[in-house]
Amino acid sequence: MPDILFHQYESSPFSEKIRVCLGIKQLAWAAVDQPVIMPKPELVALTGGYRRIPVMQIGADIYCDSQLIVRELERRFPEPTLFPQGDRGLAYANAMWSDRALFQAAVAIIFGGLGDQVPADFISDREALSGRPFDPAAMQAAVPHMKAQMRAHIAMLSDQLADGRNFLTGDRAGLVDANGYYNLWFIGSAFPPAASLFDSVPHVPDWLERVKAIGHGDRSTVSREEALEIARTARPEAGTVAPQDAAFEGKPVTVAADDYGRDPVAGVLVGSSEHHVSISRDDARAGQVVVHFPRIGFSVQY
Ligand SMILES: N[C@@H](CCC(=O)N[C@@H](CS)C(=O)NCC(=O)O)C(=O)O
């Protein structure tokens with residue numbers, strides 16, 4: 001069985017970002033399929049309350065948020081790198097573009113386009129997730145604006161590819177390609193009519209095909225119960241706490257996303273750096289696990 005257990009669902013765009021990274025790295029991994037809406041009892045047993053997708057599990061280490069999953073994949077499996085041109089810092093920063101601006105535009109275009117086809121239970125779940133009305137009619141009204149936003153973002157991709165390169169930063173694919181790709185994949189798979197936004201933009205369709213052709217690595221499947229059993233019988237990696245957090249080492253803290261899905265996760269601080277925070281928790285079903293979060297987009301309450 002592969003070490004990498006990836007909690008995901010097929011239609012999840014942030015999961016697709018990671019699946020492409022797994023493809024670039026040609027890794028073996030197992031998909032642990034999670035529900036699209038709450039409840040997700042096995043997932044929250046592992047995370048302590050964090051409900052978003054994707055989450056990566058390696059033994060009893062649980063990595064929340066695609067930003068940190070990318071970082072951890074690169075740390076554990078450095079070759080082939082996700083930074084073929086050495087543009088590491090900028091490539092990580094590029095997620096602020098894809099995960100926020102591009103994603104929000106894609107969501108409005110898809111759900112505004114689907115209109116009253118969006119199921120009621122999905123709407124109420126996403127309202128609980130965001131704490132705001134999830135209103136396909138309002139999204140429909142925003143579609144012209146969001147399409148204009150999306151055209152501008154896509155034009156930047158086209159510009160970047162205009163010199164004939166195969167991928168966004170050169171001849172090898174990297175994180176920037178996964179970032180640029182996954183929202184367009186989301187539009188194409190969730191609301192195909194809106195693919196007209198990019199299917200004749202110079203260079204973009206060929207680049208999308210090249211990224212798709214990378215594939216997802218060597219994929220298998222593990223059940224949610226098996227994933228819990230793996231966590232229960234594994235020991236988490238030892239971490240180190242950064243000097244700026246030393247006063248809180250071994251103390252109880254809570255960590256929560258600062259945008260949506262803000263359910264706080266409580267544990268004891270066992271690791272940190274400028275990029276991550278790790279908390280240890282004991283769970284009746286998952287045993288002793290360490291849950292890791294990125295710093296960007298997450299608040300830590302000491
Ligand atoms: N910043 C997060 C965003 C993740 C996110 O928004 N995921 C969506 C699915 S693609 C989600 O969790 N939706 C609610 C749910 O699935 O319960 C990340 O990069 O992982």
Side-chain angles (χ1 to χ4, degrees), residues 4-22 31-57 62-74 82 91-111 114 118-119 121-134 139 175-176 178-191 216 224 255-265 275-277 291-299:
I4 301 172
L5 303 183
F6 186 57
H7 299 261
Q8 59 132 46
Y9 49 86
E10 226 37 60
S11 59
S12 152
F14 286 90
S15 300
E16 180 65 8
K17 181 213 293 195
I18 300 299
R19 292 188 293 248
V20 171
C21 292
L22 291 161
V32 185
D33 284 327
Q34 293 289 344
V36 175
I37 60 174
M38 292 295 268
K40 308 184 190 187
E42 295 86 4
L43 183 70
V44 298
L46 290 164
T47 63
Y50 181 83
R51 61 157 285 184
R52 300 192 309 196
I53 292 294
V55 167
M56 180 172 76
Q57 172 187 354
I62 312 298
Y63 300 91
C64 298
D65 194 286
S66 63
Q67 277 183 85
L68 189 65
I69 295 172
V70 167
R71 232 173 236 291
E72 190 60 20
L73 286 175
E74 187 71 11
L82 294 170
Y92 281 124
N94 174 262
M96 299 301 108
W97 167 71
S98 58
D99 297 5
R100 296 184 181 207
L102 213 49
F103 176 63
Q104 291 310 331
V107 165
I109 291 165
I110 292 166
F111 292 101
L114 290 172
V118 184
D121 57 353
F122 182 87
I123 292 177
S124 48
D125 180 84
R126 293 313 194 249
E127 288 185 333
L129 176 78
S130 65
R132 288 199 307 271
F134 185 98
M139 289 187 203
L175 175 59
V176 173
N179 285 346
Y181 174 82
Y182 80 86
N183 284 297
L184 275 55
W185 169 87
F186 187 29
I187 291 174
S189 57
F191 188 61
H216 292 158
R224 300 198 286 265
V255 183
D258 69 6
D259 45 3
Y260 53 92
R262 299 184 193 189
D263 316 80
V265 180
H275 290 304
H276 83 287
V277 57
V291 190
H292 307 266
F293 299 91
R295 288 279 182 165
I296 293 178
F298 287 78
S299 68

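Both ligands and their constituent atoms are indexed starting at 1 by order of listing.
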Problem set entry | Numbering as shown, the atoms of ligand 1 that approach L129 to under 4.0 Å (heavy-atom distance) | 14 (C)

Exercise. How are the rings of F111 and F134 set relative to one another: parallel (under 30°), tilted (30 to 60°) or perpendicular (over 60°)?
Worked result: perpendicular

Problem set entry | R71 and H275, any side-chain heavy atoms less than 4.5 Å apart | yes

Exercise. Among protein heavy atoms, which lies nearest atom 20 (O) of ligand 1, and at what distance?
Worked result: S66 N, 2.8 Å

Problem set entry | Contact check, side chains of I18 and M56, non-hydrogen atoms, under 4.5 Å | no

Exercise. Should M38 be listed as contacting ligand 1, given a heavy-atom distance under 4.0 Å as the test?
Worked result: no

Seminar exercise, completed: Note: ligand 1 atoms sitting under 4.0 Å from heavy atoms of Y260 are 3 (C), 5 (C), 6 (O)

Problem set entry | Heavy-atom donor-acceptor pair, R224 side chain to K40 backbone, under 3.5 Å | no

Problem set entry | Atom indices of ligand 1 within 4.0 angstrom of R51 heavy atoms, with elements | 14 (C), 15 (C), 17 (O)

Exercise. Do any nitrogen or oxygen atoms of Y50 come within less than 3.5 Å of a nitrogen or oxygen of ligand 1?
Worked result: no

For this session: Could you label the plane-to-plane angle of the F14 and F103 rings as parallel, tilted or perpendicular, counting under 30° as parallel and over 60° as perpendicular?
Result: perpendicular

Seminar exercise, completed: The closest protein heavy-atom partner of atom 2 (C) of ligand 1 is D65 OD2, 3.2 Å

For this session: Return the residue, atom name and 0.1 Å-rounded distance of the protein heavy atom closest to atom 10 (S) of ligand 1.
Result: S12 OG, 3.1 Å

Exercise. By number and element, which atoms of ligand 1 are closer than 4.0 Å to a non-hydrogen atom of P54?
Worked result: 20 (O)

Exercise. Which atom names give the shortest non-hydrogen contact between L184 and G180, and what distance separates them?
Worked result: CD1-O, 3.9 Å

Exercise. Within a strict 4.5 Å, meaning less than it, do heavy atoms of the T47 and H7 side chains meet?
Worked result: no

Seminar exercise, completed: ligand 1 atoms nearer than 4.0 angstrom to some heavy atom of R52 are 1 (N), 2 (C), 12 (O)

Seminar exercise, completed: atom 15 (C) of ligand 1: closest protein heavy atom, distance to 0.1 Å, is K40 NZ, 3.2 Å

Exercise. Just wondering, do E16 and Y181 contact through their side chains at under 4.5 Å, heavy atoms?
Worked result: yes

Problem set entry | Residue pair Q8, R19: steps toward the side-chain contact (heavy atoms from CB on, under 4.5 Å) verdict | CA-CA 10 Å; Q8 59 132 46; R19 292 188 293 248; 2.7 Å; yes

Exercise. Side-chain contact, heavy-atom cut-off 4.5 Å: V291 with Y50?
Worked result: no

Seminar exercise, completed: For V36, the ligand 1 atoms with a heavy-atom partner under 4.0 Å come out as 15 (C), 16 (O), 17 (O)

Problem set entry | Spacing of OG belonging to S66 relative to CG belonging to L175, to within rounding of 0.5 Å | 9.0 Å

Exercise. Does an N or O from K17, backbone or side chain, lie closer than 3.5 Å to an N or O of ligand 1?
Worked result: no

Exercise. Hey, does S15 come in under 3.5 Å of ligand 1, counting only N/O atoms on both sides?
Worked result: no

Problem set entry | Proximity winner for atom 9 (C) of ligand 1, if only heavy atoms of Y182, Y9, F14, F298 are counted | Y9

Exercise. Can a non-hydrogen atom of P13 be found less than 4.0 Å from any atom of ligand 1?
Worked result: yes

Exercise. Are any of the N or O atoms of D259 closer than 3.5 Å to those of ligand 1?
Worked result: no

For this session: For atom 4 (C) of ligand 1, find the nearest protein heavy atom and state the residue, atom name and distance (0.1 Å precision).
Result: I53 O, 3.4 Å

